[in-house]
Visitor: 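Starting off with a structure, shown below.
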Amino acid sequence: MSNNDASTTNTPPTNFIHQIIEQDIQEGRNGGKVVTRFPPEPNGYLHIGHAKSICLNFGTAEKYNGECNLRFDDTNPSKEDQEYVDAIKEDVQWLGFKWAGEVRYASDYFDQFYAWAQHLIRNGNAYVCDLSPEEASEYRGWATKPGKNSPFRERSAEESLDLLERMKQGEFEEGSRVLRAKIDMTSSNMNLRDPILYRIRKQSHHQTGDKWCIYPNYDFAHGQEDAIEGVTHSICTLEFADHRPLYEWFIENLPVPSKPRQYEFGRLNINYTVTSKRKLKQLVDEGVVNGWNDPRMPTISGMRRRGYSAQAVRNFCDSLAVAKTDGVVDMAQFEFFVREDLNENSARAMCVLNPLKVVITNFPEGEVEMMTAPAHPQKEMGSRSLPFTREIYIDRNDFNEDSTLSRKKFKKLVPGDFMRLRSAYVIKAEEVIKDDSGEVTEIRATLVPGTVGENPPAEMKPRGVMHWVSATHGKQVKVRVYDRLFSVEKPNDDDFLADINPDSYVELNNCWAEPELVNAEPETVFQFEREGYFVADRYDHDVTTPTFNKTIGLKDSWVKK
RNA sequence: UGGGAUAUCGCCAAGCGGUAAGGCAACGGGUUUUGAUCCCGUCAUGCGGAGGUUCGAAUCCUCCUAUCCCAGCCA
C-alpha cells in the first residue's frame, strides 16, 4: 500500500517519459490518450529486466488512465515457440498486470505488412535485392566507410513486385533474395543503409503455420504494429535509439492509421547475476541450474519459485529510475524490497535446520505442553500452537561449548548458562554429551519453571533467544538453501560459468519444523524465525513430502568476532 | 576512427540558472522473548576534467576525458 500511492495521478512526473506524456496530454496530442505495449519476442523466458519494462509500460498506462497491450513480436519463427508464449502470459499475469483486450501478435498483421511492402515498392521506396548475405555485408560498408548501392537498387517496381510475390510463393531459396528499403547507403546510421524488410524463411510459424515463407524484420514490423494498435508511446530500451530514424521513416512513408513515437530508457542491470538470454539459456541447457524456473534464476518464474512476491518485484521496479544511464543496480537494493514485503506479510514459524537434541531433564517424559505464539509479532495474523516436550531440537549453531564467551556478544547456549526458548521456557544447559569422535550429540538441560511469558529472576537472565522444535511432535522437512548464483559482482563475459557460486544450492534433508508447517499451501512464504524466509515449493511441497525453498536470509547485523 | 547516447556520495538517483532531495549499503545509539522489525543519528563546500559567460553554474558555452550502443537476411 504505502509504496504504490505515489504512482497514482496528480503526482509530479517521476521520469522523463512521464514528463513527455504530461506535455503531450497538455497539448492535446492523441486526444489525450495514452496507449503503451509490452512487446516480447517469444524466444525465451522473461527475467527481472523485462519486469522493469513491464512495470513501466503497464504502470504508465495505469497512471494516465490509458491501456497497455501485450503483443508478441513474433517475426522470426526460427527462434520462437508456443512454450514461451504461454510462459510469458503466465508471468505477466503473476506480476498482477492485465493487458487491454486480447493478446496481440505481430503475425496478426502479416497481410497488412505485405500490402505495405508493395506500397513502398510502387512508390520507389523499396526493391528486391539478389545480393547474397556476404555480398550485402560487403556493400553495406563499415561504420567509418560509406556503403555502396546494390546493383539491384534501380530495378523496376514491376519487377520487384513480381519477385516479392514469387518470394512469397516459395519460388526462391532462403538467403537468395530479400526486400530492402531504398534509403541511403552512405548514412552514418547503419540502420539506414537500405535495411532489409523481408527475408525468406521456409519454416512453419507457431501462430501462422505454413502460410508464410517470408517474414518481416523487426524494423519493418515494430512501428507498424504500434501504429495499427494505436500505441501512442512506444517505450523500448536504449539499444534501439539508432533504430528510431528508421521507425519514423516507415511511419512517414506508409499510410498507417496513427503516428506512434518511440522513446528509449536504460535497461536494468543487477550485479551477481546475468540477464542475457544467451547466458540464461546456456545455464539451463548445460544443466548448471534446474530449468528456467530454478529458484536461482533471475527469471520471473525463477523468482516466483524462490518465494519473491510479485509485490516485492514490482516495488523494486518502481524504485528504479527510468533514465538513459546504464548503471548496475546493487542486488542488495532488490533484496531490501524482498525482505520489506516478506517481513510485513509472512507468518512466523520455527524450523530447525541443523538439529541438535536437547533433553529437558525436569520435564516429564510423554507429557506435552501446548505453547501459543503469534503468527506475526506486529500485525494481527492469528496464532499457532507449539507442542513442547521433554526432547526438543535446537540448531547446532546455537550451541557452543565455550562458556567463557562474552555474555553480551555471544547470545547462544553455552554450558551452565541460560537461554530463552522462543515462545516457551528459559532453560539452562547442564551437561554436554558426546560420541566417541568427540562430536556433541545431545545437551541435557533444565527449564526454569514459570518462565513462559514471564521473565526469570535477574540472576537467571537468558543470554538470548533461540528457536526450537519438539523432537517427538515436530515434522521432518526438506529445505533447499539457495544463495546467489554467482560469487562475483560481474561474471566474466567470456567464461561466466567459471564464476558460478559453488554453494548456491544446498539441500538439507533433516530439518525439523513445527507441526502445522507441513499443511502449508504451496507458494506460501513463512519467516522461519532467526533463519530467514522460506517458501513451500510450488511443485514439490505437500503433506507427505514437505519441501521449502529458502527465499532469503534475515538481515544479519551481528558482526562476528 | 563515423554516428547515436551517458557522466551528481560505495550503488541507484532527484535536480531543468538562485546556492546538492530521496532510497540502498555502511557506521553509531535506543526498544525488543527473532543478533529481525521499529525508532533516532552520521554519511557530497561537492556534481568526469579544464576554461569561459553570469551578481550567481551540477544546470548555459567551448575544448578535453571516460563508458555504453550500432557494421544479423536477430529482436
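In what follows, chains are A, B, ... by sequence order, proteins preceding strands, each numbered from 1.
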Visitor: Generate the contact string for nucleotides 35-41 of chain B. Rules: B means base contact, S means sugar-phosphate contact only, - means no protein heavy atom under 4.0 Å.
Guide: BBB----
Visitor: Strictly below 4.0 Å, heavy-atom distances to any atom of RNA chain B: list the hits from residues 238-251 of chain A, or just say none.
Guide: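 Heavy-atom cutoff 4.0 Å gives A/Glu239, A/Phe240, A/Asp242, A/His243.
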Visitor: Report all interatomic pairs (protein N or O, nucleotide N or O of nucleotides 12-14 of chain B) with separations under 3.5 Å.
Guide:
unit_1, atom_1, unit_2, atom_2, d
B/C12, OP1, A/Val328, N, 3.3
B/A13, OP1, A/Thr325, OG1, 2.6

Visitor: What residues, two or more places apart in sequence or in another chain, satisfy salt bridge (Lys or Arg N to Asp or Glu O under 4.0 Å) together with A/Glu369?
Guide: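 Once residues adjacent in sequence are excluded, A/Glu369 has no partner under the salt bridge (Lys or Arg N to Asp or Glu O under 4.0 Å) criterion.
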Visitor: Please enumerate all residues that pass side chain to side chain donor-acceptor pair (under 3.5 Å) together with A/Asp73, with sequence neighbours excluded.
Guide: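 In terms of side chain to side chain donor-acceptor pair (under 3.5 Å), with neighbours along the sequence ignored, A/Asp73 is linked to A/His222.
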Visitor: Can you tell me if the side-chain N/O atoms of A/Thr144 get under 4.0 Å from OP1 or OP2 in B/G3?
Guide: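 So the side-chain polar atoms of A/Thr144 never come under 4.0 Å of the phosphate oxygens OP1 or OP2 of B/G3.
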Visitor: Please state the C1' separation for the pair B/G52 and B/A44 - nearest whole angstrom.
Guide: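 Per the computed distance, 25 Å lies between those C1' atoms.
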Visitor: What pairs with A/Glu248 under side-chain contact (heavy atoms from CB on, under 4.5 Å), at least two apart in sequence or on another chain?
Guide: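 Here the qualifying residues are A/Arg244.
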Visitor: Check this for me, if you would: do A/Lys324 and A/Glu264 make a salt bridge, where the nitrogen-to-carboxylate-oxygen distance has to be below 4.0 angstrom?
Guide: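 Looking at A/Glu264 together with A/Lys324, the answer is yes, because their closest N to O distance falls below 4.0 Å.
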Visitor: Tell me whether the OP1 or OP2 atom of B/U34 has a side-chain N or O from A/Arg420 closer than 4.0 Å.
Guide: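 No.
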Visitor: What parts of residues 165-184 of chain A reach RNA chain B, counting only heavy atoms under 4.0 Å away?
Guide: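 Nucleic-acid contacts, sorted: A/Gly175, A/Val178.
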Visitor: Tell me, please, which residues at least two apart from A/Phe548 pass ring-ring contact (aromatic ring centres under 6.0 Å, His included).
Guide: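 Here the qualifying residues are A/Phe528, A/His541.
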Visitor: Using a distance-only test with no angle check, is there a side-chain donor-acceptor pair under 3.5 angstrom linking A/Glu529 and A/Gln527?
Guide: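 Absent: no donor and acceptor within the cut-off.
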Visitor: I'd like to know whether the aromatic ring centres of A/Phe250 and A/Phe220 sit less than 6.0 Å apart in this structure.
Guide: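 Aromatic pair counts; centres sit under 6.0 Å.
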Visitor: Checking A/Ser53 now: which residues fulfil side chain to side chain donor-acceptor pair (under 3.5 Å) with it, not counting sequence neighbours?
Guide: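 Applying side chain to side chain donor-acceptor pair (under 3.5 Å) to A/Ser53 gives A/Asn57.
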Visitor: Out of B/G3, B/A5, B/U1, which nucleotide sits closest to the side chain of A/Ser188?
Guide: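 From the listed options, B/G3 comes nearest.
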Visitor: For A/Tyr533, what residues pass the ring-ring contact (aromatic ring centres under 6.0 Å, His included) criterion, not counting sequence neighbours?
Guide: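 A/Tyr533: no ring-ring contact (aromatic ring centres under 6.0 Å, His included) contacts found.
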Visitor: Below 6.0 angstrom between ring centroids: does that apply to A/Tyr308 and A/Phe334?
Guide: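 Centroid distance A/Tyr308-A/Phe334: below 6.0 Å, so yes.
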Visitor: With a 4.0 Å limit, can you tell me whether A/Asn217 has a side-chain N or O closer than that to the phosphate oxygens OP1/OP2 of B/A75?
Guide: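 True: A/Asn217 side-chain N/O within range (under 4.0 Å) of B/A75 OP1/OP2.
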Visitor: Only pairs at least two apart or in different chains count here, so list each salt bridge (Lys or Arg N to Asp or Glu O under 4.0 Å) that has a residue in residues 325-338 of chain A.
Guide: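 Those involving residues 325-338 of chain A are A/Glu335-A/Arg484.
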Visitor: My understanding is that only residues two or more places apart in sequence, or in another chain, count here; which of them pass ring-ring contact (aromatic ring centres under 6.0 Å, His included) with A/Phe526?
Guide: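 ring-ring contact (aromatic ring centres under 6.0 Å, His included) list for A/Phe526, sorted by chain: empty.
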